[in-house]
Amino acid sequence: MNQTETGLNPMQMEAVEHTEGPLLILAGAGSGKTRVLTHRIASLIRDKGVNPWNIMAITFTNKAAGEMRERVDKIVGYGSERIWVSTFHSSCVRILRRHAERLGYANNFAIYDTDDQKSLIKDIMKRLQMDPKLYRDRAIMAAISSAKDEMIEPDQYRIDAGIDWKLQKYAAVYAEYQAELKKNNAMDFDDLLVQTVKLFQQFPEVLDYYQEQFRYIMVDEYQDTNTVQFRFVSLLAAKYRNLCVVGDDDQSIYKFRGANIENILSFEHVFPDAKVIKLEQNYRSTQNILNAANEVIANNQGRKAKRLWTENPEGDLIDLRQFQSGFEEAEYVAGEITRGVRTEGKKYRDYAILYRTNAQSRLFEEKLLLANVPYKIVGGVNFYARREIKDLLAYLRVIENPEDDLAVLRIINVPRRGIGAATINKVQDWEAEQGIRFYDALLEAEYVPGLMRSLNKIKSFTSFLQVLRAKADYLSVKELLNEIIEETGYVADLQAEGTEEAAARIENIDELISKIADYEESAEQPSLGGFLQEVALVSDIDSVDEESDYVLLMTLHSAKGLEFPNVFLAGMEDGIFPSYMTITGDDPSELEEERRLCYVGITRAMQHLTLTCARQRMIRGEVQYNKMSRFVKEIPRELISLERERGEIEDRKPKMDIPTRGSVYAAMKQAFREKPQQAKTFSAQKATKLDYEIGDTVRHIKFGVGIVTDIVDGGRDYEVTVNFDQAGTKKMFASFAKLKKL
DNA sequence: CTCTTGAAGGTTTTT
DNA sequence: CCTTCAAGAG
């Protein structure tokens, strides 16, 4: 490969060609590191004759993994499916599925999410008779998680706790928690890493097998690896030492999750023979944006010296707008997007709105809805964490892994079977006495004293599960779920409820069904276990689809690794960003982490960056007055445009900042709500036929009743003009407006 | 045992 | 604001 053929600059070339031995690539934002990684993999296969299956690449999201595989495929044309490209968690699961029994787990172990962890911790706290006022479950979960990140086992934790009675108590919960997980044949997220490393440490032959397999290892976003992940990688790479890590210390933003910035800062100490390559040319952003980012991050101490530069034009100034309230802020953003799309030929997907906390998405959602702008919110409540989804998944989990007592407990009385807390307590007491598993106790419920009428209910529950389990042998996952829905009457109950909320839940269930269908179509060997695993490890960002035309809303954390032509950084206020916690806390390194987050945010923008803030804002039902973020003040004045309004702005009536009434807003959201799958509808298929035409009277969920005055076939979608009785004339896309003919 | 109601308490960021 | 938890009636 030569430079002209690949379009790589000399530094990038060097990174691609340096394949033997440890390599640290310090890749600034937008410096083309993904290109380097893909070309490096391609070059290994094509030019150096390395077998695809001898390569492992760790990416930050499943989506990034898929894209990398695709790009390699384009360059090389074969073998990409044999490369291990995946996240840390997925790689570990894949390894553990084959060897978990060596660690005392069955290979079909369940994966517990944060919710599951929490219920388990609560259970244990109750059992240990701990006062929930004195001990916070969140704190305990965090403590256990960080212990695992550092590979500290319960015994060690207890020793380290010394005479601190509180930590001693934590240690007790930790030990019990770990025992319980094992008993349930389950692992939490952290365990996936920890157990894999344990596997490698305890079984040298297993380690050796994988060392032989993964002769070339690459890790993306290395600045955000934690200690276990570092151990995992270094163990695997210990034999052939072909370890290439790519990262940017300025973009380390996951300290709260155990990310250890030392991993990147001291890579050269751990691997003294490491080659270090810096990629400092930015191909993404304009001069002005890059300068702003450079100035902000320069305020941090203890970073590797570097300065990004670009050959890109200077570009627009950075817009800074301060508003009276969060409502006005959101309105402005929605308006700017509408304007850009209407007058500048921009696409909705050219825009992203980034904020510090998920809670900030609300206002934007509301205003975008009003402005008829298609959007998608990334993050927030995970789809698979919704109650109805977790309930149904719990059935599937119990079928797959009979030892998952936590899942059994979740569904034993869902839907209502008349098996209440009193009954469950009796069974649990007896179970503890006998030293058996909860589910096994249910099977032998006739021996449990004092059950009375509940006994029959338990019997019918367990026999229902047994039947399902038998059917699992020949039914597909989809059929199985239908069976569950049918037999439990889960959807029927919701239908009977007849509320908005119930309807939304049913919609979610429908979506779950189609997700299963998708899975069964696309997976090589679809199985119940495979589906549950996939579900446990997806993140919301994985479902973002570049083809679809919508504005993306997400936290700064979720935006890592992405880029957009136009970025709004919202809520630039002290107390929001940087967050209240870091300002009041006394750890200056936390402020630096926030600053890195700001750096990440700024560098997402390719052409245009807008910073917004509000003088006053409703937080938790209270009005807060915030100063403009200190980060904004770190940007040189000459890079900023304060121009109040641009172009003519229609004379606005004085705004009443009254939030849309909850019910109306909820209803609109409902009508509009964006399911990942519906997302495709926007771009791929317009409504094939409209059930109304010019002259018809229609109803819009927000604007009320009106008459259709025009319908234009815009190719992708119909653009409908409606003259509303109340709201005046509006143009809107048919697939969004959800107009109902009257 | 279930459902309703009211009060209290709590918020970064996520695989 | 929104979720979670406890208490009390049916």
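Lettering of chains follows the sequences in order, A, B, ..., and the numbering in each one begins at 1. Remember, predicted model here, so these are calculated numbers, not experimental data.
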Determine: side-chain N/O of [X] to OP1/OP2 of [N], distance under 4.0 Å, yes or no.
{"X": "A/Asn358", "N": "B/dT14", "value": "yes"}
{"X": "A/Ser558", "N": "B/dT14", "value": "yes"}
{"X": "A/Thr555", "N": "B/dT14", "value": "yes"}
{"X": "A/Ser579", "N": "B/dT13", "value": "no"}
{"X": "A/Asn382", "N": "B/dT14", "value": "no"}
{"X": "A/Thr87", "N": "B/dT15", "value": "no"}

Give the rounded distance in Å between these two atoms: [atom1] of [X] and [atom2] of [N].
{"X": "A/Lys560", "N": "B/dT12", "atom1": "NZ", "atom2": "P", "answer": "20 Å"}
{"X": "A/Arg94", "N": "B/dT15", "atom1": "CZ", "atom2": "P", "answer": "21 Å"}
{"X": "A/Asp116", "N": "B/dT14", "atom1": "CG", "atom2": "P", "answer": "18 Å"}
{"X": "A/Lys426", "N": "B/dC1", "atom1": "NZ", "atom2": "P", "answer": "7 Å"}
{"X": "A/Asn413", "N": "B/dC1", "atom1": "CG", "atom2": "C1'", "answer": "9 Å"}
{"X": "A/Glu573", "N": "B/dT12", "atom1": "CD", "atom2": "C1'", "answer": "15 Å"}
{"X": "A/Asp540", "N": "B/dT14", "atom1": "CG", "atom2": "C1'", "answer": "11 Å"}
{"X": "A/Asp574", "N": "B/dT12", "atom1": "CG", "atom2": "C1'", "answer": "15 Å"}

- Task: Please report the C-alpha distance between A/Phe256 and A/His557 in whole Å, then the side-chain angles of each, then the deciding distance to 0.1 Å, and finally whether the ring-ring contact (aromatic ring centres under 6.0 Å, His included) criterion is met.
- Result: CA-CA 12 Å; A/Phe256 73 94; A/His557 282 90; 5.6 Å; yes

- Query: Is the NZ or CZ atom of A/Lys560 both under 6.0 Å from the centre of the six-membered ring of A/Phe60 and within 45° of that ring's axis?
  - Reply: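 Output yes; distance and angle both within limits.
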
- Message: So that I know where these two stand, are A/His99 and A/Tyr210 an aromatic pair - ring centroids less than 6.0 Å apart?
- Response: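 Aromatic pair counts; centres sit under 6.0 Å.
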
- Close aromatic pair by centroid cut-off 6.0 Å: A/Phe230 and A/Phe232: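 Centroid separation for A/Phe230 and A/Phe232: 6.0 Å or greater.
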
- So among A/Arg356, A/Arg615, A/Arg617, which one has a salt bridge (Lys or Arg N to Asp or Glu O under 4.0 Å) with A/Glu573?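 Single pass found, and it is A/Arg617.
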
- Which one of A/Lys633, A/Arg630, A/Lys627 satisfies the salt bridge (Lys or Arg N to Asp or Glu O under 4.0 Å) criterion with A/Asp574?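 Output: one option passes, namely A/Arg630.
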
- Task: Give the first and the last nucleotide of DNA chain C, reading 5' to 3', that has any atom under 4.0 Å from a heavy atom of chain A.
- Result: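 Going 5' to 3' along DNA chain C, contacts run C/dC1 to C/dC5.
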
Check [X] against [Y] and note the closest heavy-atom contact, atom names and distance.
{"X": "A/Glu365", "Y": "A/Leu553", "value": "N-CD2, 4.3 Å"}
{"X": "A/Ile583", "Y": "A/Gly575", "value": "CD1-N, 3.3 Å"}
{"X": "A/Phe577", "Y": "A/Gly571", "value": "CB-O, 3.8 Å"}
{"X": "A/Trp430", "Y": "A/Pro449", "value": "CD1-CD, 3.7 Å"}
{"X": "A/Val448", "Y": "A/Lys426", "value": "CG1-O, 3.8 Å"}

Identify whether any heavy atom of [X] sits under 4.0 Å from a base atom; if not, whether one sits that close to sugar-phosphate; answer base, sugar-phosphate or nothing.
{"X": "A/Ala422", "result": "sugar-phosphate"}
{"X": "A/Tyr254", "result": "sugar-phosphate"}
{"X": "A/Lys118", "result": "nothing"}
{"X": "A/Glu622", "result": "nothing"}
{"X": "A/Thr423", "result": "sugar-phosphate"}
{"X": "A/Asp113", "result": "nothing"}

- Item | Inter-nucleotide C1' distance (B/dT12, C/dC5), Å rounded |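 Result for the C1' pair: 24 Å, nearest Å.
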
- Query: Does the ring of A/Phe256 meet both stacking tests against the six-membered base ring of B/dT14: centre distance under 5.5 Å and plane angle under 30°?
  - Reply: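 No; centroid distance or tilt outside limits.
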
- Task: Nearest-nucleotide wise, let me know which of A/Ile419 and A/Glu590 is further upstream toward the 5' end of DNA chain B.
- Result: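 First, find each residue's nearest nucleotide; the 5'-ward one identifies A/Ile419.
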
Produce the list of close N/O pairs, under 3.5 Å, pairing protein atoms with atoms of nucleotides 6-10 of chain B; give distances to one decimal.
| unit_1 | atom_1 | unit_2 | atom_2 | d |
| --- | --- | --- | --- | --- |
| B/dG10 | OP1 | A/Arg136 | NH2 | 2.8 |

- Message: I need the A/Ser539 OG to A/Asp542 CG distance, nearest 0.5 Å.
- Response: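 So the gap between those two atoms works out to 3.5 Å.
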
- Item | Separation of A/Lys148 NZ from A/Met151 CE (nearest 0.5 Å) |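 It comes to 11.0 Å.
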
Dump every N/O contact between nucleotides 3-5 of chain B and the protein below 3.5 Å, one line per pair.
| unit_1 | atom_1 | unit_2 | atom_2 | d |
| --- | --- | --- | --- | --- |
| B/dC3 | OP2 | A/Arg416 | NH1 | 2.1 |

